[in-house]
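These notes concern the structure reproduced below.
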Amino acid sequence: MMYEANKIEKKWQKYWDEHETFKTDVWDFSKPKFYCLDMFPYPSGQGLHVGHPEGYTATDIVSRYKRMRGFNVLHPMGWDAFGLPAEQYAINTGNHPAGFTENNIQTFKRQLKMLGFSYDWSKEVSTADPKFYKWTQWIFKQLYEDGYAKCVDMPVNWCEELGTVLANDEVIDGKSERGGYPVIRKNMRQWVLTIPKYAEKLLEGLEKIDWPESTKEMQKNWIGKSVGAHVDFKIAGTDLTFTVFTTRPDTLFGATYCVMAPEHEYVDRITTDEQKEQVNAYKLECAKKSDLERTELNKEKTGVFTGAYAINPVNGKEIPIWISDYVLAGYGTGAIMAVPAHDTRDYEFAKKFDIPIIQVLEEVTGTPHEGETKKNSIVAILYDEENDKYLTVHWHEMGGRLFIGGTMKEGETPLDCATREIKEETGYKDIEFVHELPKINHHYYAYNKDKYFNIESTGFLFKLVSNVQEEQNLDDDEKFDLEWVDKDTIMAEVNDGLHKKTFEYALAPGAMEGDGIHIHSEFLDGLGKQEAIDQMIAWLEEHHVGKKQINYHLRDWIFARQRYWGEPIPIVHFEDGSMKAIDDSELPLVLPELEDYRPSKNGDSPLEKATDWVHVTVDGKKAKRETSTMPGSAGSSWYFLRYIDPNNDHEIADKKLLEHWLPVDLYVGGPEHAVGHLLYSRFWNHYLYDKGIVPVEEPFQTLRHQGMILGSNGEKMSKSRGNVINPDDIVKEYGADTLRVYEMFMGPLEASKPWDTKGVEGARRFLDRVYRYFMEEHRIREEENKNVEKIYHATVKKVTNDYETLNFNTAISQMMIFVNALYKEEFIPKEYAEGFIKLLSPVAPHIAEEIWHEALGHENTITYEAWPTYEESKLVEDTYTMVVQVNGKVRGKIEVNTNASKEEMETLAKEIENVKKNIEGKEIVKVITIPAKLVNIVVK
RNA sequence: GCGGGUGUGGCGAAAUUGGUAGACGCACUGGCCUUAGGAGCCAGCGCCUUACGGCAUGUGGGUUCGAGUCCCUUCACCCGCACCA
């Protein structure tokens with residue numbers, strides 16, 4: 001009997017359609033609900049590719065499984081229908097994009113039906129349908145009236161090629177996400193949604209949802225919360241004050257200059273006449289650069305002194321104000337205090353422009369002890385460049401391998417001291433000073449003096465110029481060997497905390513950004529980092545020169561595109577510059593048809609050309625419609641709400657229904673939406689929750705990603721690589737069930753994995769075997785067969801658990817094991833046959849329906865049959881294979897009664913020939929016995 | 001640079017969460033059946049070794065009777081973010 005997949009599949013697809021098998025009665029609250037959602041596709045002209053069915057099959061399996069477990073399942077599908085290709089089509093042909101979009105939708109729908117997905121098509125929505133976007137516009141209107149949608153003048157991501165502005169997540173490496181065209185910063189009047197107002201809620205919400213950790217982390221980084229302070233600086237000789245944002249107010253005593261962004265509003269006012277020319281030139285240079293160039297040229301710091309000085313509020317010191325493009329106008333206050341000792345960027349800048357560096361935080365090494373004596377000392381590292389070796393002094397049992405060290409004498413500077421110590425201890429005199437390294441606060445115990453010390457140590461790096469060596473000048477107790485050694489030896493052998501740390505500083509000179517204790521900081525001296533931050537903030541607030549401040553990286557969401565094919569923004573502008581949202585009765589505000597869909601070169605929307613549509617009279621006054629449209633992510637930010645009640649024409653959805661059906665229980669889609677769609681829809685949902693429209697804060701309770709399906713060469717599928725697999729072809733040749741089984745069997749859902757045509761054949765072979773076995777006359781009998789009892793129950797258990805946890809690959813593997821076992825048996829009891837076909841049905845629904853009907857004689861669809869159960873008791877065996885190890889190595893196996901005692905196990909283990917051989921003549925140290933598992937005999 | 005992730009046979013991958021590493025599938029090899037097999041069925045299949053046995057989960061170390069699994073080190077690749085003060 002031949003398994004004719006295509007015939008069977010057509011038959012059952014027709015049956016499901018005619019019987020409305022998957023139609024969900026959303027008002028039926030008698031059963032527990034399960035809302036199972038896919039990320040809806042953009043209906044492109046290319047149709048479905050093999051990546052789509054991966055996620056869709058996963059949710060389809062869960063939906064079908066949940067139905068059989070008695071859930072009322074909502075499993076809808078729809079279209080993210082606004083987008084560039086349709087607009088491009090309109091531009092090229094002069095036709096309205098709606099027709100093109102509709103055609104594509106029909107293709108997608110045909111393909112999805114062909115794959116046997118159990119969508120309730122009566123819930124279908126399309127974001128480009130006025131009945132749908134009426135409510136997108138309505139939500140926008142609420143946002144506008146609540147002050148979350150604003151029209152502001154701001155620097156935006158402008159893409160010349162696309163003729164539109166883009167949101168931050170649509171810009172990748174300074175290029176547009178779609179098309180890869182260059183994007184520049186440009187000041188424009190723009191609609192924005194103030195998503196940063198929801199930053200904290202969006203951050204907190206992440207704690208409550210079951211999402212992949214990596215995605216949550218990405219959202220956290222994108223929101224980019226940082227806690228710090230605002231500090232006010234007066235400008236010397238003026239009554240101007242500017243504010244900086246810093247996360248490290250504790251280092252304020254170490255601020256040696258300030259930097260403003262070139263665009264900062266004060267720059268022109270504070271620049272002195274002498275500096276004017278340079279400053280203006282620098283500003284011009286920065287303005288010309290695109291974002292891409294700015295980030296590309298980030299190796300070398302640039303900047304110009306303004307001639308003005310700021311007054312440090314904590315100590316009244318005057319410090320120079322510079323401008324530099326390493327300070328961004330759009331983040332914080334657009335100005336910073338620079339602490340080169342404790343910030344890498346400031347350090348680089350200070351080094352380049354020779355600005356002083358003041359260390360105000362010392363790393364602590366060693367362990368503090370009572371009754372310590374304080375000292376100042378040095379650690380000097382001498383480097384021989386030619387041989388790539390460092391000079392060490394080996395004190396042997398008196399302290400091991402160290403660098404040159406010594407205590408500062410009265411009136412001596414650290415540098416003097418270091419130079420002197422090198423000469424005295426080593427005799428080398430032809431040396432060159434390279435770096436002074438950050439000071440370290442070190443605690444130690446000196447054996448020779450029997451005393452505890454607390455020293456402030458300054459590190460130095462010197463270079464050996466020549467080998468000329470004078471005689472050493474040593475004290476009696478200085479007994480050590482001088483040794484030139486390489487870096488690895490030092491890493492391995494220098495154990496002293498102070499010397500080790502000093503060496504690390506020498507290898508990588510720069511800012512000390514870690515924790516430690518404060519110095520040169522008056523009331524902060526001796527405090528650790530966090531304590532000092534708190535104290536400093538308190539001080540600033542007390543003196544009214546600053547306050548605690550939280551900043552977010554998350555920017556306003558640029559919410560307008562100068563394109564045609566999107567939702568019109570429901571706003572009118574009056575001649576006096578005021579504006580207002582149009583009346584609810586005018587929604588939906590439908591897109592007008594145009595002669596010419598091209599964007600204009602000056603950045604105006606194509607809608608400007610629809611003059612009849614644009615010019616209106618509102619409240620008796622002349623007004624002009626907003627001609628920008630909404631971005632693609634507008635409709636997708638709330639579409640999942642609409643599925644619940646797609647035809648409601650007086651609200652976005654019935655409140656009772658939303659209360660019953662939300663949140664989405666399982667949401668599956670690609671990880672590429674981590675900071676776009678998935679953040680925007682959370683934002684809208686939080687907002688609608690706060691307005692009492694939606695009953696839950698977080699829309700998607702559980703989120704899972706599907707991985708990418710690669711071409712058989714392991715590369716991304718693309719036309720140019722010639723490795724694209726078309727699902728239509730696979731279905732034609734092997735059937736939809738085969739495609740479903742194969743894609744689920746390939747590996748874990750979230751992993752990306754290469755396509756393998758031979759693997760598809762394997763999946764088909766499995767279904768062939770299922771079909772042949774179950775469709776053969778004598779195979780299914782009303783009779784017991786003990787041989788399959790255990791494996792049947794094991795299979796029900798494994799498959800059930802795996803469906804719950806979305807481990808479809810191992811579920812299928814278990815079903816294969818079961819079928820392999822069946823082939824060793826003459827027949828299968830009917831009960832087990834029905835149970836197995838039910839297990840199979842979520843993955844391969846057509847073949848399951850066919851066998852359910854033809855071989856098992858049922859009239860109704862299998863869709864709502866009860867899920868099979870298993871008995872734990874049937875899984876326990878009388879005996880098991882006990883493993884016997886000697887010293888952890890497997891030396892024998894033996895069948896043992898499940899209830900055997902530890903003593904019995906041990907006795908049996910020692911009787912095995914190969915075990916005897918391995919323990920013979922040796923002393924048994926210990927025997928580990930794990931009941932119902934193994935015995936490990938440890939011998940000596 | 002920062003954050004997240006992944007490294008297991010020729011390949012896709014499993015591994016009850018510390019207890020027989022490589023289930024299942026692909027490829028390969030052999031057998032049966034056949035006029036035939038690119039169908040089907042059965043069996044074998046990590047590496048080295050004739051065997052006994054030894055070696056194996058990116059590298060190196062550690063904890064343990066026992067480590068793919070836990071800890072430290074290091075390398076490679078993938079994905080985000082990137083002068084965010």
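Just so it is clear, the structure is predicted and the values come from calculations on it, not from any experiment. Per chain, numbering begins at 1; letters A, B, ... match sequence-line order.
Neither OP1 nor OP2 of B:rC83 sits under 4.0 Å from any side-chain N or O of A:Thr344. Between A:Arg769 and B:rG40 there is no side-chain N or O to OP1 or OP2 distance below 4.0 Å. In this structure, A:Arg765 reaches the B:rA27 phosphate: one of its side-chain N or O atoms is under 4.0 Å from OP1 or OP2. At B:rA39, none of the side-chain N or O atoms of A:Arg772 fall inside 4.0 Å of OP1 or OP2 (strictly under the cut-off). OP1 or OP2 of B:rC65 sits under 4.0 Å from a side-chain N or O of A:Lys926.
Base pairing of B:rU63: no nucleotide in any strand meets the Watson-Crick or G-U wobble criterion (both distances under 3.5 Å). Figure legend. B:rG40 is base-paired to B:rC32; pairs are counted as Watson-Crick or G-U wobble with both atom distances under 3.5 Å. Pairing of B:rG3, defined by two Watson-Crick or G-U wobble distances under 3.5 Å, is identified with B:rC79. Under the Watson-Crick or G-U wobble criterion, with both distances below 3.5 Å, B:rC11 is paired with B:rG25.
Ring pair A:Trp322/A:Tyr257 is perpendicular by interplanar angle, where above 60° counts as perpendicular and below 30° as parallel. Ring pair A:Trp557/A:Tyr680 is parallel by interplanar angle, where below 30° counts as parallel and above 60° as perpendicular.
Comparing B:rC79 with B:rG61, their P atoms sit 32 Å apart, to the nearest whole Å. Rounded to a whole angstrom, the distance from the C1' atom of B:rC47 to that of B:rA56 is 7 Å.
In this structure, A:Pro671 reaches neither bases nor backbone, as no heavy-atom distance under 4.0 Å exists between it and the strands shown. Heavy atoms of A:Gly224 sit nowhere under 4.0 angstrom from any nucleic acid atom. Note on A:Asn551: nothing from the nucleic acid sits closer than 4.0 angstrom, heavy atoms only.
A donor-acceptor pair under 3.5 Å is absent between the side-chain atoms of A:Arg891 and the main chain of A:Asn914, judged by distance alone.
For RNA chain B, the neighbouring residues in residues 213-222 of chain A, judged by any heavy atom under 4.0 Å, are A:Ser214, A:Glu217, A:Met218, A:Asn221, A:Trp222.
A cation-pi contact, defined as under 6.0 Å to the ring centre and within 45° of the axis, links A:Lys301 to A:Tyr326.
The environment of A:Lys548 atom NZ is sparse: at most 12 non-hydrogen atoms of other residues, nucleotides or ligands sit within 6.0 angstrom. In this structure, A:Lys352 places its NZ atom where more than 12 heavy-atom neighbours from other residues, nucleotides or ligands lie under 6.0 Å away.
Applying the side chain to side chain contact (heavy atoms under 4.5 Å, CB included) criterion to A:His230, with sequence neighbours excluded, gives A:Thr243, A:Phe245, A:Thr333, A:Lys547, A:Gln549.
The side chain of A:Asn809 lies closest to B:rA13, out of B:rA13, B:rC41, B:rU20. Residue A:Tyr326 has its side chain nearest to B:rC83 when only B:rC83, B:rA85, B:rG40 are considered.
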